[in-house]
Amino acid sequence: MDLLEYQGKQLFARFGLPVSEGAPAGTAAEARAVAEQLGGPVVVKAQVLVGGRGKAGGIKLAADPAEAEQHAAAILGMDIRGHTVRQLWIERASDIASEYYFSITFDRGAKQPLLMLTTEGGVEIETVAEQSPEKLARLHVDPLMGLQPFHVRRLCFAAGIPAAEAKQVGAIIEGAYRAFIETDAMLVEINPLIVTPDGVVRALDSKYTVDDNALYRHPDIAGMRDAESGDPQERLARERGVNFVKLDGGDIGTLANGAGLAMSTLDVVAAAGEATGHRPANFLDVGGGADAEAIATAMEVLLSDPNVRAVLFNVFGGITRGDEVAHGILTALERLDATLPIVVRLDGTNAEEGRRILADAAPPNLHVEATMLGAAARVVELVEGSAA
Amino acid sequence: MDLLEYQGKQLFARFGLPVSEGAPAGTAAEARAVAEQLGGPVVVKAQVLVGGRGKAGGIKLAADPAEAEQHAAAILGMDIRGHTVRQLWIERASDIASEYYFSITFDRGAKQPLLMLTTEGGVEIETVAEQSPEKLARLHVDPLMGLQPFHVRRLCFAAGIPAAEAKQVGAIIEGAYRAFIETDAMLVEINPLIVTPDGVVRALDSKYTVDDNALYRHPDIAGMRDAESGDPQERLARERGVNFVKLDGGDIGTLANGAGLAMSTLDVVAAAGEATGHRPANFLDVGGGADAEAIATAMEVLLSDPNVRAVLFNVFGGITRGDEVAHGILTALERLDATLPIVVRLDGTNAEEGRRILADAAPPNLHVEATMLGAAARVVELVEGSAA
Amino acid sequence: MPIIVTAETRLVVQGITGREGSFHASRNRDYGTAVVAGVTPGKGGQDVDGVPVYDTVAGAVAEQDANTAMVFVPPRFAADAIYEAVDAGCGTIICITEGIPAHDMLRIYNYIRPRGVTMLGPNCPGALSPGIANVGIIPAQVFAAGRVGLVSRSGTLTYQIGKELADLGLGNSTIVGIGGDPIVGSSFIDILERFEADPGTDLIVMVGEIGGDEEEKAGAYIDEHVSKPVVAYIAGFQAPAGKTMGHAGAIISGSSGTAAGKQQALQARGIPVGDSPTAAARLAAERLA
Amino acid sequence: MPIIVTAETRLVVQGITGREGSFHASRNRDYGTAVVAGVTPGKGGQDVDGVPVYDTVAGAVAEQDANTAMVFVPPRFAADAIYEAVDAGCGTIICITEGIPAHDMLRIYNYIRPRGVTMLGPNCPGALSPGIANVGIIPAQVFAAGRVGLVSRSGTLTYQIGKELADLGLGNSTIVGIGGDPIVGSSFIDILERFEADPGTDLIVMVGEIGGDEEEKAGAYIDEHVSKPVVAYIAGFQAPAGKTMGHAGAIISGSSGTAAGKQQALQARGIPVGDSPTAAARLAAERLA
């Protein structure tokens with residue numbers, strides 16, 4: 001789960017990291033009120049889960065509350081790379097002498113947290129990594145050893161942090177590491193980490209991702225999820241507990257059991273549809289051991305996309321039983337009164353029984369195929385036919 | 001550093017372990033006041049760093065404040081196995097249905113904390129270990145894994161803790177483990193861990209030892225040290241920072257550099273003096289790199305024991321330099337106006353120079369010996385001569 | 001000859017009294033696996049379908065010589081279960097549970113690795129050595145015994161490829177599901193090393209997917225250390241960046257972890273990559289022909 | 001042939017700019033040890049008596065190929081220094097510092113042990129291979145080169161026995177101080193195993209003291225695994241129970257850890273125990289005669 005800048009900063013503050021004083025605002029009037037309370041110049045910042053806010057005009061300096069209100073009004077509702085701005089963060093403006101970068105990522109390759117620090121902050125870290133790799137200090141921390149003082153020293157020495165700032169930067173590294181560990185974070189990034197002209201080091205932005213699987217340990221963070229955001233179909237899927245990802249521009253709904261098979265299904269559908277311009281509309285994994293009810297729910301999510309003109313079921317039963325899948329399909333067809341073409345490929349546990357159940361019911365729009373490639377070809381054929 | 005019962009219980013409470021309500025008292029009047037505040041029957045408990053308080057009459061049940069005052073007056077000043085009672089702990093009396101035992105020791109053999117739990121509490125754990133070892137559940141915890149729920153379950157199952165109490169006992173194990181780790185404890189013992197007739201589990205006593213080397217991390221615990229207690233000579237040594245242990249019934253003061261050599265010196269002195277009944281009076285390690293001043297201070301501590309009638313210096317220089325030792329001895333003799341026989345054996349770094357310095361000064365009561373065994377024989381001879 | 005699950009496997013099932021635990025324990029036993037014990041705290045002394053249940057893994061190890069643990073407990077309790085199995089001396093842990101917090105596995109991985117413990121998963125289907133032993137949820141009926149080693153991050157996709165191989169007359173030495181989480185106990189390289197050393201394996205099929213760089217690393221490893229032919233399949237060419245595709249580990253971050261990148265990396269090492277499970281199986285059959 | 005400190009030793013001294021660190025670094029170097037670097041954070045780029053100083057151990061390892069670290073930093077910072085040396089890849093750590101919290105060493109021990117790192121100390125005098133290398137504070141002039149392996153929990157007591165051996169014409173292959181703390185990086189058994197394997201060692205002298213049960217365990221180990229003659233000395237017969245005798249590890253708890261108990265345990269295994277350093281040295285000379 002990705003957090004908005006101000007949510008990340010709230011966590012920063014909880015772990016003792018210095019951030020600028022500020023408050024969130026949902027309306028222009030609120031933005032003005034916050035600016036009045038802070039006094040002096042403020043920065044109005046769009047809160048969206050996407051980069052490039054500044055370039056898109058989502059971050060504006062305001063000299064006074066009136067200007068803050070104007071900027072807020074302009075930014076709210078703005079579309080930034082597909083994300084509508086519904087929330088702002090208003091904070092006291094900062095004087096900046098230098099911009100550093102610090103992050104902790106969950107390095108799955110090394111299986112250890114990776115700390116990165118550079119004095120070349122304020123830009124994309126990939127750029128620094130490419131253009132001046134010698135300026136990017138990188139260090140892994142064995143989680144069983146834990147962050148030791150030497151890690152901090154080594155990182156600061158390697159990045160060339162001036163001695164006068166090393167203590168502040170060190171405390172920020174320690175606080176961020178604690179935050180990373182204690183909030184089950186997958187990413188904690190501070191870019192830029194600024195130094196003010198009078199030598200104060202402060203986090204001016206935050207990028208913060210928390211492991212979805214660990215949210216049960218952090219109900220406060222789970223509560224930060226922005227229920228309003230995102231695609232309506234994905235929201236429906238989330239509400240129904242269906243493992244679903246929408247793909248842009250597709251017209252063939254797909255469903256499989258198991259993430260790998262579901263991904264593979266997309267690939268073979270895309271390959272089959274390439275010549276005629278048909279594409280998969282979604283990823284949907286019904287998971288292991290799905291029962292009839294789960295299948296029906298998944299179908300409901302699939303059909304909520306009006307662009308979907310045919311559906312492919314690709315189920316290879318392990319825990320999942322073919323007879324349950326067959327019942328689920330029939331239940332869904334009846335309940336949703338679905339008439340669009342549906343191709344079913346069933347294999348594995350109780351597959352024969354499942355195929356018999358489908359053959360017995362024999363709804364006219366249902367087509368059973370024996371192989372995955374055959375099913376992909378068939379569903380493309382059917383959606384192409386329905387378009388004609 | 002060993003803590004008194006009530007100090008250990010204060011730490012227990014800090015880590016969420018249930019203890020009886022109570023307060024310390026230094027006078028009979030204070031004891032009465034505490035009893036009045038608690039209401040109902042109370043237990044008056046002598047606070048000394050030695051076992052067997054109950055048998056010695058140091059723990060008494062009082063039905064009312066007046067009786068608490070009487071018991072307190074009787075217990076204060078009492079000598080319990082060489083320890084004078086100066087402090088009491090007054091707590092609400094408990095009804096006891098069962099007595100369990102739980103401890104965490106620093107197992108240096110296994111290099112891991114060792115947890116022990118048994119339902120046979122209230123007696124010396126060595127007795128349980130000998131007489132019914134099958135009732136004593138033992139489990140090591142790898143500190144890098146940390147205490148996991150399975151450790152707690154395994155211990156409770158192995159000890160046969162009734163299911164109804166397992167949750168409370170489990171919470172106590174978890175709290176005690178946190179206390180053990182977070183206070184740098186060498187021992188955390190609860191004996192007895194009682195179960196009341198209405199099923200409440202509570203720590204009725206505490207035995208708590210904290211690593212001296214880690215006290216700098218725990219200034220609050222360091223402040224619990226009972227400066228008044230112990231032998232006056234050991235107190236002097238502690239004040240002067242001298243590594244000293246008094247031995248009962250000895251008449252030969254000993255000093256060496258390094259703990260191993262100091263122990264060995266005791267052994268050879270004891271062997272040499274066995275026939276004539278002379279024994280070492282102390283262990284004293286001046287440590288590595290002792291300078292003249294440190295030697296003089298150590299000598300001062302040695303001579304503060306009126307039973308000491310001769311002194312053996314056994315120094316094998318590594319970091320410690322023989323010339324410094326020689327200067328220290330001469331300084332001490334002069335400063336303390338010491339006339340008792342002193343045998344010196346110097347070896348290692350700058351030993352020749354040290355021996356020359358001593359030979360040049362040649363105080364009449366100073367005898368230089370070439371070997372450790374020779375020095376031990378000589379000091380016994382001299383103390384035997386001085387007794388004649 | 002099989003790897004990981006063998007005729008020597010003596011299995012203890014953690015969470016055996018749960019719905020899935022009991023179902024698969026029985027199924028594994030019926031297949032011929034020595035399912036010697038189950039563990040459910042508080043249910044010690046009971047049995048599940050004749051398999052004795054213990055309160056602790058230590059009890060199961062002491063009384064039944066269990067050497068392999070299969071973890072079926074819910075994700076919140078899975079880390080504890082894994083530690084318990086390791087602490088009790090099980091040298092092999094197969095964790096089926098899905099949804100374990102990544103930081104839990106981060107600690108577990110770094111704990112077990114220097115201690116030489118073998119782990120599959122979490123979020124894996126287990127391992128099957130056809131005709132010998134099955135530990136996990138792999139539907140054994142799909143697979144035939146043979147000389148193809150199969151290693152995969154995915155469950156059902158593995159079954160799919162197993163079936164495609166079987167349709168071409170090829171069987172497997174062992175099918176190993178390493179799991180779809182960001183950190184799993186065994187990497188492709190760990191399993192490749194075992195298949196390379198296994199005289200019963202002639203060819204290896206590696207089934208990867210988007211996310212991470214294990215496939216790329218495996219490619220380099222194969223180039224240097226694997227003498228047997230390897231054929232690969234990668235799923236997720238259609239996956240958009242930044243979206244988790246079912247598996248917590250299946251996510252494209254920035255430009256890294258794409259299926260195309262993995263395919264290129266493998267092909268650059270001379271490892272053929274099929275563009276469908278069917279194609280991958282055919283490549284395997286060609287190599288063995 | 002020596003053990004632990006050898007001609008291959010390339011030493012980095014942590015805390016080299018301190019009083020003791022600089023003194024002993026120079027002394028070790030003058031003896032012939034390859035003292036290739038020192039570390040003091042913030043003093044990188046300086047040198048101590050010609051030895052280059054780095055800010056980090058990683059720097060010293062990268063530029064000077066240091067493989068052994070000697071720790072001279074104060075106890076509060078010693079755990080960090082040890083972790084730094086391990087993390088930088090030093091395979092041998094010799095920690096002279098006294099007074100490190102026991103829990104720090106508890107974690108360090110359990111961390112380094114499965115990773116195969118060799119550690120002496122804390123609170124140890126180091127190791128000396130006469131004529132080859134000296135790492136630590138052992139006064140080399142006391143010892144002669146020869147074929148007696150010497151291992152001890154104590155510093156000056158070791159010098160005493162070394163001198164007694166030298167007086168009898170015996171020299172040492174290596175003198176190893178394992179340290180006087182409750183938990184030290186290497187046990188008697190670890191060192192006995194190395195001396196047993198060392199063709200340059202003919203006899204081993206083991207110098208124990210009160211506290212713990214390492215001597216008893218060593219006795220059992222010698223009985224089973226050591227073919228070379230072993231002679232022992234134990235200090236602390238006069239020590240009362242419950243008092244720490246200088247070394248944090250030298251304390252008799254209850255009935256365990258007494259010198260008499262250790263002596264009996266060793267003698268029961270047929271290992272002769274001298275009742276003074278002189279007697280122990282004579283026993284060694286007799287065995288080698």
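Residue numbers start from 1 in every chain, and the chains themselves are labelled A, B, ... in the order their sequence lines are given, proteins ahead of strands.
Of the two parts of C:F23, neither the backbone nor the side chain holds a non-hydrogen atom closer than 4.5 Å to a non-hydrogen atom of chain A. In this structure, no portion of A:E126 lies under 4.5 Å from any heavy atom of chain C. Both the backbone and the side chain of A:F180 come within less than 4.5 Å of a heavy atom of chain C. In this structure, chain C has no heavy atom under 4.5 Å from any part of A:L215.
Counting heavy-atom pairs closer than 4.5 Å to chain C, the top residue among A:A376, A:G258, A:P143, A:P113 is A:P143. Residue with the most contacts toward chain C among A:A185, A:G287, A:G317: A:A185 (heavy-atom pairs, distance under 4.5 Å). Of the listed residues A:D267, A:N243, A:N257, the one with more heavy-atom pairs under 4.5 angstrom with chain C than any other is A:D267. Heavy-atom pairs under 4.5 Å with chain C peak, among A:D285, A:D107, A:V245, at A:V245. Between chain C and the options A:L266, A:D2, A:D184, the largest number of non-hydrogen pairs under 4.5 Å is found for A:D184.
Side chains of C:P277 and A:L261 form no contact here, defined as non-hydrogen atoms less than 4.5 Å apart. Contact check for A:M372 versus C:S276: no side-chain heavy atoms found under the 4.5 Å cut-off. Counting heavy atoms from C-beta on, the side chains of A:T349 and C:Q141 come closer than 4.5 Å. Between C:P101 and A:Y216, the closest side-chain pair of non-hydrogen atoms falls below 4.5 Å. Within the 4.5 Å cutoff, side-chain heavy atoms of C:I183 are placed close to those of A:F106.
Smallest separation of non-hydrogen atoms from A:G109 and C:D213: CA-OD1, 4.0 Å. Between C:A102 and A:D211, the shortest heavy-atom distance links the atoms N-OD2, 2.6 Å. For the pair C:P240 and A:L247, the tightest heavy-atom approach, listed with the atom from each and the gap, is CD-CD2, 3.5 Å. When every heavy atom of A:G260 is checked against every heavy atom of C:A235, the shortest pair comes out as O-CB, 3.9 Å. Taking all atoms of both residues into account, the shortest heavy-atom contact from A:R108 to C:G249 is NH1-O, 2.6 Å. Of all non-hydrogen atoms in A:L144 and C:N110, the two that sit nearest each other are CD1-O, 3.4 Å.
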Evaluate C:D104 against A:R217 for salt bridge (Lys or Arg N to Asp or Glu O under 4.0 Å), listing each step before the verdict. CA-CA 12 Å; C:D104 287 2; A:R217 293 201 274 239; 2.9 Å; yes
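The closest donor-acceptor contact from the side chain of C:K163 to the backbone of A:F316 lies at 3.5 Å or more, if one exists at all.
Taking CD from C:Q238 and CG from A:N282, the interatomic distance works out to 12.0 Å, rounded to the nearest 0.5 Å. Summarising the geometry, atom CE belonging to A:M263 is positioned 3.5 Å from atom CD belonging to C:E209; distances are rounded to the nearest 0.5 Å.
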